[in-house]
There are 2 protein chains.
Amino acid sequence: MNSSEQIARDHALVRAVHDAFMPVDDKTFQAIVDHVTYIEVAKGQEFISQGGLNDRLGVMVDGLMRGVELIDGDDHTQMFFDSPCFVTEYVGFLQRKPASFSIVALEDCRLYVLTYDDLQKLYSMSKTGERLGRMIAEGVIATVVEEVRSFRFDSATERYEKLVATFPRLIQRVPQYMVASYLGVTPESLSRIRAKLSRS
Amino acid sequence: MNSSEQIARDHALVRAVHDAFMPVDDKTFQAIVDHVTYIEVAKGQEFISQGGLNDRLGVMVDGLMRGVELIDGDDHTQMFFDSPCFVTEYVGFLQRKPASFSIVALEDCRLYVLTYDDLQKLYSMSKTGERLGRMIAEGVIATVVEEVRSFRFDSATERYEKLVATFPRLIQRVPQYMVASYLGVTPESLSRIRAKLSRS
DNA sequence: CTACATCATTGACCTAGGTCAATGCTCGCA
DNA sequence: TGCGAGCATTGACCTAGGTCAATGATGTAG
């Protein structure tokens with residue numbers, strides 16, 4: 001695949017990510033493409049650094065990242081980003097606050113990046129952009145609300161089973177201790193949960 | 001207080017609820033007021049019924065409600081609505097799906113109600129309305145994300161302490177078993193948590 | 001005033017998950 | 001080829017929270 005084919009394929013993905021929330025007309029999409037910057041983040045590198053500047057929204061076309069908060073030296077997985085998808089510490093980004101967690105590449109990643117200011121420009125430029133922003137936010141809510149529900153009323157075993165069912169590919173590619181922390185349990189517990197499930 | 005004073009006071013509250021997310025200009029606010037309907041929901045009555053029609057967004061100026069999901073006969077508190085605030089089963093409302101939980105008045109409540117269709121009209125009518133919708137959604141995200149974080153990494157005792165710190169008035173007015181369910185623990189556990197805290 | 005309903009508390013016991021420490025496994029590297 | 005580093009697993013034990021049942025408190029209708 002040559003470079004312009006690659007870019008075309010990438011742009012199709014960028015558009016698909018947006019379309020997932022709302023069909024995007026060509027004019028709005030062109031405005032997005034005109035503002036993004038292409039970057040690569042190598043495995044192990046940070047895209048966003050906890051406590052640091054937090055003014056970038058990524059559209060990841062390739063790779064896998066993890067949102068991780070360090071508190072008193074231990075490592076709390078907040079979320080995973082599995083391409084193609086948006087990548088950002090959403091809350092801090094929107095409130096113009098330092099990132100509450102780091103976002104680290106678990107594999108080599110390729111992203112198209114929009115800055116906060118460019119995003120605001122897009123919003124003021126077009127009603128469609130504004131609406132897209134709203135629909136993205138509304139999509140995030142649906143995901144997070146279900147997550148709360150699951151924490152409130154499901155056991156760790158159920159949460160693990162749901163995770164496997166929803167993101168089967170993810171489990172293969174992420175070290176188990178990160179999955180454990182994402183589920184809110186220790187690595188030892190997750191190991192036992194898996195042992196129990198494979199027995200039954 | 002006579003009736004027109006009451007309405008003026010209510011409208012100020014409706015405006016304050018919206019302003020909490022974004023300053024609302026007079027024109028946009030007038031458009032909101034022109035579309036809302038005033039209703040009262042008596043203590044014990046439902047505003048939204050689980051599995052039923054879910055096309056109303058309330059702005060509550062007075063009272064207290066609880067979002068409650070019934071699963072296999074037991075009662076799962078999803079959230080509280082403490083006036084002045086928006087009242088809705090947000091996810092289903094946005095996705096035009098039946099309500100995933102009921103919303104029941106814990107006290108006599110007074111609300112101004114907007115239908116889904118009226119809200120969409122507001123959005124298409126005004127870019128400011130569209131933006132307001134986005135900022136409301138973004139505000140909801142901040143709340144829910146913090147809730148997930150707390151479930152993932154805090155103990156039940158910590159979650160209770162945070163709840164008391166954040167909504168001290170709520171604890172006084174809500175039966176303890178509902179608070180327990182909101183925290184994701186049994187009433188017995190919450191009782192012990194409170195006993196332990198008052199001892200120390 | 002009584003009687004019942006509705007919650008809150010307490011106790012005895014159980015289970016899921018946490019903690020700590022030892023043992024295995026795998027893979028990159030010398 | 002063997003050695004470490006970094007995970008995963010397993011065991012022994014501990015603790016938070018669940019379950020079930022009894023006992024109190026409070027409020028409300030008759």
Side-chain angles (χ1 to χ4, degrees), chain A residues 42-45 64 66 68 70-77 80 104-108 147-164 170-200, chain B residues 42-45 64 66 68 70-77 80 104-108 147-164 170-200:
Chain A
K43 178 173 175 170
Q45 295 304 110
L64 178 64
R66 174 172 78 121
V68 53
L70 262 179
I71 308 176
D72 314 326
D74 40 34
D75 179 283
H76 293 202
T77 299
F80 296 107
V104 181
L106 297 177
E107 304 174 351
D108 291 340
E147 222 175 329
V148 170
R149 224 197 62 89
S150 182
F151 268 107
R152 200 170 263 139
F153 303 119
D154 294 344
S155 68
T157 303
E158 286 169 310
R159 288 200 306 282
Y160 176 70
E161 287 179 307
K162 284 184 184 178
L163 183 66
V164 172
L170 201 119
I171 306 293
Q172 316 305 321
R173 294 146 73 206
V174 173
Q176 213 164 288
Y177 75 95
M178 293 181 188
V179 175
S181 152
Y182 178 75
L183 294 172
V185 301
T186 59
E188 294 94 328
S189 277
L190 180 53
S191 177
R192 291 190 179 104
I193 286 168
R194 284 162 48 85
K196 187 186 63 190
L197 288 177
S198 71
R199 245 178 284 124
S200 61
Chain B
K43 179 174 175 170
Q45 295 304 110
L64 177 65
R66 175 171 77 121
V68 53
L70 263 178
I71 308 176
D72 314 326
D74 41 33
D75 180 285
H76 293 204
T77 300
F80 295 108
V104 181
L106 298 177
E107 303 173 350
D108 290 341
E147 222 175 328
V148 171
R149 223 196 63 89
S150 180
F151 268 106
R152 202 170 261 138
F153 303 118
D154 295 344
S155 68
T157 304
E158 287 167 309
R159 288 202 305 284
Y160 177 70
E161 287 178 308
K162 284 184 183 177
L163 182 66
V164 172
L170 201 119
I171 305 294
Q172 316 305 321
R173 292 146 74 206
V174 174
Q176 212 163 290
Y177 76 94
M178 294 182 187
V179 174
S181 152
Y182 177 75
L183 293 172
V185 301
T186 59
E188 295 92 330
S189 278
L190 180 53
S191 177
R192 291 193 178 102
I193 286 168
R194 285 161 47 85
K196 187 185 63 189
L197 287 177
S198 71
R199 244 177 286 124
S200 59

Step by step, would you call B/Arg199 with B/Lys196 a side chain to side chain contact (heavy atoms under 4.5 Å, CB included)? CA-CA 5 Å; B/Arg199 244 177 286 124; B/Lys196 187 185 63 189; 4.3 Å; yes
Could you report the tightest heavy-atom contact between B/Leu183 and B/Phe151, atom names first, then the distance?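 For B/Leu183 versus B/Phe151, the nearest heavy atoms are O-CE2, 3.5 Å.
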Taking all non-hydrogen atoms of both residues, which atom of B/Ser155 and which atom of B/Glu158 are closest, and how far apart?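 B/Ser155 and B/Glu158 have their closest heavy atoms at N-OE1, 2.8 Å.
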Applying side chain to side chain contact (heavy atoms under 4.5 Å, CB included) to A/Leu163 and A/Arg159, what does each step give before you reach the verdict? CA-CA 6 Å; A/Leu163 183 66; A/Arg159 288 200 306 282; over 6 Å; no
Side chain to side chain contact (heavy atoms under 4.5 Å, CB included) evaluation trace for A/Phe153 with B/Ile71: CA-CA 10 Å; A/Phe153 303 119; B/Ile71 308 176; 5.8 Å; no
Going by atom types alone, do A/Arg66 and A/Tyr182 pair a side-chain donor with an acceptor below 3.5 Å?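 A/Tyr182 and A/Arg66 do not have a side-chain donor-acceptor pair below 3.5 Å.
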Yes or no on side chain to side chain contact (heavy atoms under 4.5 Å, CB included) for A/Glu107 and A/Arg173, after CA distance, side-chain angles and deciding distance? CA-CA 9 Å; A/Glu107 304 174 351; A/Arg173 294 146 73 206; 2.9 Å; yes
Close residues, residues 174-190 of chain A, relative to DNA chain D [heavy-atom separation under 4.0 Å]: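 Output list: A/Pro175, A/Gln176, A/Tyr177, A/Glu188.
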I'd like the 5' and 3' limits of the part of DNA chain C contacted by chain A, with heavy-atom contacts below 4.0 Å.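 The contacted stretch runs from C/dG17 to C/dC20.
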